[in-house]
Amino acid sequence: MRERHVTVIGGGLAGSEAAWQLAERGVGVRLVEMKPARRSPAHRLDGLAELVCSNSLRADDPANAIGLLHEELRRLGSLILGAADATRVPAGGALAVDRERFSALVTEKVRSHPGIELVHEEAISLPQGPAILATGPLTAGALAEQLSELVGERLYFYDSIAPIVAADSIDKSIAFFASRYGKGGGEDYLNLPLSKEEYEAFVAALLAGEKVVPHAFEEPRYFEGCLPIEVMAERGKDCLAFGPMKPVGLTDPRTGRRPHAVVQLRPEDRARTCWNMVGFQTRLTWPEQKRIFRTLPGLASAEFVRLGQIHRNTYLDAPRFLARDLTLKARPGLRMAGQVTGVEGYVESTACGYLAALATWAELSGKPFPEPPPVTAMGALHRHLTGEARPPGARYEPNNVTFALFPELAGRIRKDQRRQMLVNRAREALSNWLTDPELLRAPALIGEASSTSIPTTATGTLS
C-alpha cells in the first residue's frame, strides 16, 4: 500500500503515533510539523512528541485505568510507549521520562522510517483526505478558523504547566528523598515538608499573589485534572493539603513524623539536574512565582529552569462532529486525533492517534473500522469520544481515561474486587481483538526499548 499516501498534520504524541502505525502497516505517510520554523508559546524543543506540561505519563499500574491503557498500548506496539519505557526516569509508581531524550528518540525513529516523509512547515489549510489532523490543544490560526467554520463553533478550556527547579539550588538539608508508602525507588521524589503554619502562610500568599488575567472576551474554563494551584487554594484552605500537597505515606526524617503538607519534586531527566514541582501548574505571574515559591522550605535560593504558564486549549465536541471512526462529519476523509478531539493526557492522545491510524488503514484496505472492545481502556476512550460514556444531558468536556468510562460489570460486585475484574475483563477482550494479525499486528520494539521486554501482562500489581 506504499503508493497510497496519508497526510498527518502535527508531530505531537497523537500525530507521531498515527504516522508510525500507518507506516508500519505499509502506508506512505507525509508527516507535517511546523517546528522549528514556527512554534506555539508553550513549546521549546525542535523535536517531535514534545511533552509540554509534566514529564509524567502518570500511574503505570494497571489497577489504574491509565496504567491499563499503558499496558494495552504496549501490547499494540505503540511507538510512544516504547520510547517512554526506553527513556524513563525514577518516579515511584508513575511512568515518567527524560523529556528531551524521549522527544529525540521519537524523532529519530520517525525520521528514519522509510515509509514516513517528515516535512517541517506550517499547515495553513485543512488537508484533503485521506488525512489525520493531530494539531493538539493549541490549534490556532488558519487551521482553527477553518475548523470553526466547518463545525460552527469552537470550544476551549484553560490549561497550565508547572515550574521546574535546578537541582543544585534546592536545599538538601530540608528536602528529603521518599515516595509515598515507599513505592518505587527510595529516591524517586524530593519532598519539601511544611508545618501547619508554613502551609497556611503559603496558601495565603497564593491567594494574594498577582495572576495572569485572561482577555476580556475569554471565559476561564479549566480542566479539573490540571487546575492551577491557586484555583485549588480558592476552594478552601485545606484543599491543597488533601490534593497535590497531601503528606500521607511520607515521614520527615528530621522529625520522624508526617508533616502537615509536602511539596513533591519529580526528576525531569536521568541525571537529575532538574526537578518538576508536581501539581504546581499555575497562572501566577512570573515575578510572583519566584517570590512565592521561594518562601517554601528548601526553595529559598531556587533557580527556576522553567516557570509556570497558562495557555488556552482548543477541542471539538467529538460526539457531535466526529463519526465513530473519528472522521470529521463535515469533511469526509479527514480524521481528528489527540487532544483536539477532547481526550486529555499524553497517553490518551497517543491512543487516539493509534485509533485514527487504524481507522484510516482499514478504510484504505476496504475494511470496516475494527472498533476497540468497549470493555478495554482503548474502548473506554472511544466510548468517551462517541459520547456513549457520557451521562444523559451532560456536556462533553475533555477527559482522562478512568474506570468511570468503562461499561459497568454485570451483577453485584464487591468493591474490593471491582478493579481486578475490570482489568481481567479488559485483558481478555484485548486478546480477542488481537486475533487479526494483519490488521492489528504490533510493530517491533524500537531503539533502546528493544533491550527491554515490553510486557503483555501487568506492569504492576493490583492492590
Side-chain angles (χ1 to χ4, degrees), residues 54-56 58-61 89-94 96 162-209 227-282 284 288-305 307-308 463:
S54 167
N55 69 325
S56 173
R58 312 201 316 280
D60 204 30
D61 187 340
V89 296
I164 296 174
V165 183
D168 57 7
S169 68
I170 302 169
D171 188 344
K172 303 303 193 304
S173 68
I174 296 175
F176 63 93
F177 288 104
S179 297
R180 289 190 175 96
Y181 300 110
K183 292 185 177 180
E187 297 188 354
D188 288 1
Y189 289 87
L190 262 179
N191 301 275
L192 310 177
L194 283 78
S195 66
K196 184 175 185 293
E197 294 73 23
E198 289 170 331
Y199 171 78
E200 291 180 349
F202 174 67
V203 170
L206 279 180
L207 296 175
L227 287 172
I229 190 169
E230 61 278 358
V231 173
M232 286 187 275
E234 291 169 358
R235 296 182 174 182
K237 69 175 184 178
D238 295 323
C239 185
L240 294 176
F242 286 91
M245 298 179 70
K246 63 179 179 288
V248 294
L250 295 169
T251 301
D252 185 347
R254 297 179 304 167
T255 65
R257 297 190 302 272
R258 186 175 79 178
H260 183 79
V262 297
V263 177
Q264 284 206 305
L265 307 176
R266 180 178 56 234
E268 274 286 313
D269 56 351
R270 284 187 174 178
R272 299 180 175 221
T273 62
C274 302
W275 293 76
N276 184 291
M277 299 180 69
V278 179
F280 268 58
Q281 52 274 0
T282 181
L284 288 168
E288 287 290 79
Q289 289 181 49
K290 294 178 180 179
R291 180 182 68 84
I292 294 172
F293 293 157
R294 282 173 178 157
T295 66
L296 291 166
L299 296 186
S301 302
E303 176 188 342
F304 293 96
V305 177
L307 288 163
S463 57

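Since this is a predicted model, take the numbers as computed values, not measurements. Computed over heavy atoms, backbone and side chain alike; hydrogens, waters and symmetry mates excluded. Throughout, numbering of the chain's residues begins at 1 and tracks the sequence.
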What closest approach, in Å, do Phe177 and Arg272 show between heavy atoms, and which atom pair accounts for it? CE2-NH1, 3.8 Å
Taking the side chain as every heavy atom from C-beta outward, state whether Met277 and Thr282 have any atom pair closer than 4.5 Å. no
Does NZ belonging to Lys246 count more than 12 external heavy atoms closer than 6.0 Å? yes
Can you measure from CG (Leu192) to CD1 (Ile170) and round to the nearest 0.5 angstrom? 7.0 Å
Ala175 and Leu190: which non-hydrogen atoms are nearest, and at how many Å? CB-CD2, 3.7 Å
Which atom of Ala233 lies closest to which atom of Val203, heavy atoms considered: CB-CG1, 4.2 Å
Which heavy-atom pair separates Gly308 from Pro163 by the least distance, and what is that distance? N-CG, 3.8 Å
Step through the shown structure and confirm whether more than 12 heavy atoms of other residues, nucleotides or ligands are within 6.0 Å of NZ on Lys172. yes
Does Asn191 use its side chain to pair, donor to acceptor, with the backbone of Ala178 at less than 3.5 Å? yes
For Arg254 versus Ser173, what's the shortest heavy-atom pair and its separation? CD-O, 3.6 Å
Could you go through the side-chain contact (heavy atoms from CB on, under 4.5 Å) check for Arg180 and Leu250 one step at a time? CA-CA 5 Å; Arg180 289 190 175 96; Leu250 295 169; 3.9 Å; yes
Within-4.5 Å side-chain heavy-atom neighbours: Ser301 and Asp171: no
So CD of Gln281 and OG of Ser54: to nearest 0.5 Å the spacing works out to 8.5 Å
Taking every heavy atom of Tyr199 against every heavy atom of Met245, the minimum-distance pair comes out as CD1-CE, 4.0 Å
